[in-house]
Amino acid sequence: NNCNYMVTACSQTGQQNIDQYDLSAGTSQAIDLGTACSWPSAVVYASVTGQSNLAEFTIGGSGNQDFYDLNNANAYTIPMSINAPTGCTTITCSISDISSFCQPNNDIQTLPTGARVNTDGTAGLGPTAGTMQFKAACPQAYIYNFDDATSTFTCPTGSDYEVVFCP
């Protein structure tokens with residue numbers, strides 16, 4: 001957690017229980033998945049209630065590849081990055097002032113958690129004026145449904161990743 005405030009970070013795989021970590025500014029938490037892990041449809045996020053931006057992983061995916069992305073289609077809460085090992089792509093999405101950023105062309109809802117939701121992102125519309133505004137700010141992030149071509153990354157299974165809040 002590089003934020004200057006505490007972040008409640010959570011991780012969950014599939015429908016399993018949510019693991020929650022209260023990370024004070026400057027602290028971290030390691031998650032050891034073991035050597036023969038399969039962590040399908042797993043997420044790391046910065047909120048217990050509501051939706052927020054997600055660091056999504058499929059560990060041990062097809063072709064001995066891990067798949068990962070930063071998903072802002074549901075919402076954006078705080079800046080995040082996934083630091084990947086050498087030879088793989090590190091991805092970041094950092095919008096410094098989301099309240100000022102969310103202006104017309106965006107169909108925005110504010111969740112009780114404070115996350116901002118661009119409802120065009122999950123409407124199945126593909127790119128819209130609102131989602132393209134988010135895409136311009138975070139070109140590596142998954143911004144709308146079916147945004148796979150520029151937003152899903154791979155790395156060999158067995159790689160180590162670091163999810164950073166406020167990179």
Side-chain angles (χ1 to χ4, degrees), residues 1-14 18-21 23 28-29 31 39-59 61 65-84 88-155 159 161-167:
N1 176 19
N2 285 343
C3 301
N4 61 4
Y5 49 86
M6 186 177 77
V7 170
T8 298
C10 301
S11 65
Q12 181 179 22
T13 178
I18 297 172
D19 293 320
Q20 178 178 323
Y21 313 96
L23 301 177
S28 63
Q29 173 69 45
I31 302 171
W39 211 38
S41 304
V43 296
V44 175
Y45 56 98
S47 177
V48 177
T49 59
Q51 300 171 343
S52 64
N53 46 330
L54 306 174
E56 298 181 309
F57 297 90
T58 299
I59 304 293
Q65 294 287 302
D66 296 341
F67 295 83
Y68 59 100
D69 66 75
L70 284 178
N71 188 329
N72 293 343
N74 291 323
Y76 181 92
T77 304
I78 63 172
M80 288 178 69
S81 69
I82 299 174
N83 295 336
C88 301
T89 302
T90 291
I91 54 179
T92 300
C93 180
S94 182
I95 300 171
S96 60
D97 183 358
I98 191 66
S99 296
S100 295
F101 177 81
C102 293
Q103 299 298 317
N105 291 338
N106 289 310
D107 185 6
I108 302 298
Q109 294 177 0
T110 302
L111 299 176
T113 60
R116 301 287 178 135
V117 179
N118 183 340
T119 57
D120 286 352
T122 57
L125 304 173
T128 65
T131 58
M132 293 314 294
Q133 193 171 342
F134 272 86
K135 191 68 173 177
C138 295
Q140 297 174 309
Y142 200 95
I143 303 297
Y144 54 87
N145 286 342
F146 315 112
D147 188 18
D148 300 288
T150 61
S151 306
T152 303
F153 300 89
T154 61
C155 203
S159 298
Y161 304 92
E162 179 183 48
V163 176
V164 179
F165 303 108
C166 301

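What's counted below: heavy atoms across the whole structure, side chains too, no hydrogens, waters or symmetry copies.
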Among Ile91, Asp66, Ile82, whose side-chain contact (heavy atoms from CB on, under 4.5 Å) with Phe153 holds? Ile91
When every non-hydrogen atom of Asn83 is compared with those of Val164, the smallest separation belongs to ND2-CG2, 3.4 Å
Backbone N/O of Ala84 and side chain of Thr90: donor-acceptor pair under 3.5 Å: yes
Quick one: does Lys135's side chain have a donor or acceptor within less than 3.5 Å of a partner on Ala141's backbone? yes
The reported gap from CZ in Phe57 to CG in Asp69 (rounded to nearest 0.5 angstrom) is 9.0 Å
Compare all side-chain heavy atoms of Cys138 with those of Leu70 and state whether any distance is below 4.5 angstrom. no
Do the non-hydrogen side-chain atoms of Tyr142 and Asp148 ever get within less than 4.5 Å of each other? yes
Quick one: are Cys93 and Phe134 in side-chain contact, heavy atoms under 4.5 Å? no
Identify the heavy atoms of Pro139 and Ala136 that sit nearest to each other, and give their distance. CD-O, 3.9 Å
Here the gap from Cys166 atom SG to Met80 atom CE, rounded to the nearest 0.5 Å, amounts to 10.0 Å
Has Asn1 got a side-chain atom pairing as donor or acceptor with Leu23's backbone, closer than 3.5 angstrom? yes
Should Phe67 and Glu56 be marked as a side chain to side chain contact (heavy atoms under 4.5 Å, CB included) after you check the CA-CA gap, both sets of side-chain angles, and the distance that decides it? CA-CA 8 Å; Phe67 295 83; Glu56 298 181 309; over 6 Å; no
Just by distance, do the side chain of Gln140 and the backbone of Thr92 share a donor-acceptor pair under 3.5 Å? yes
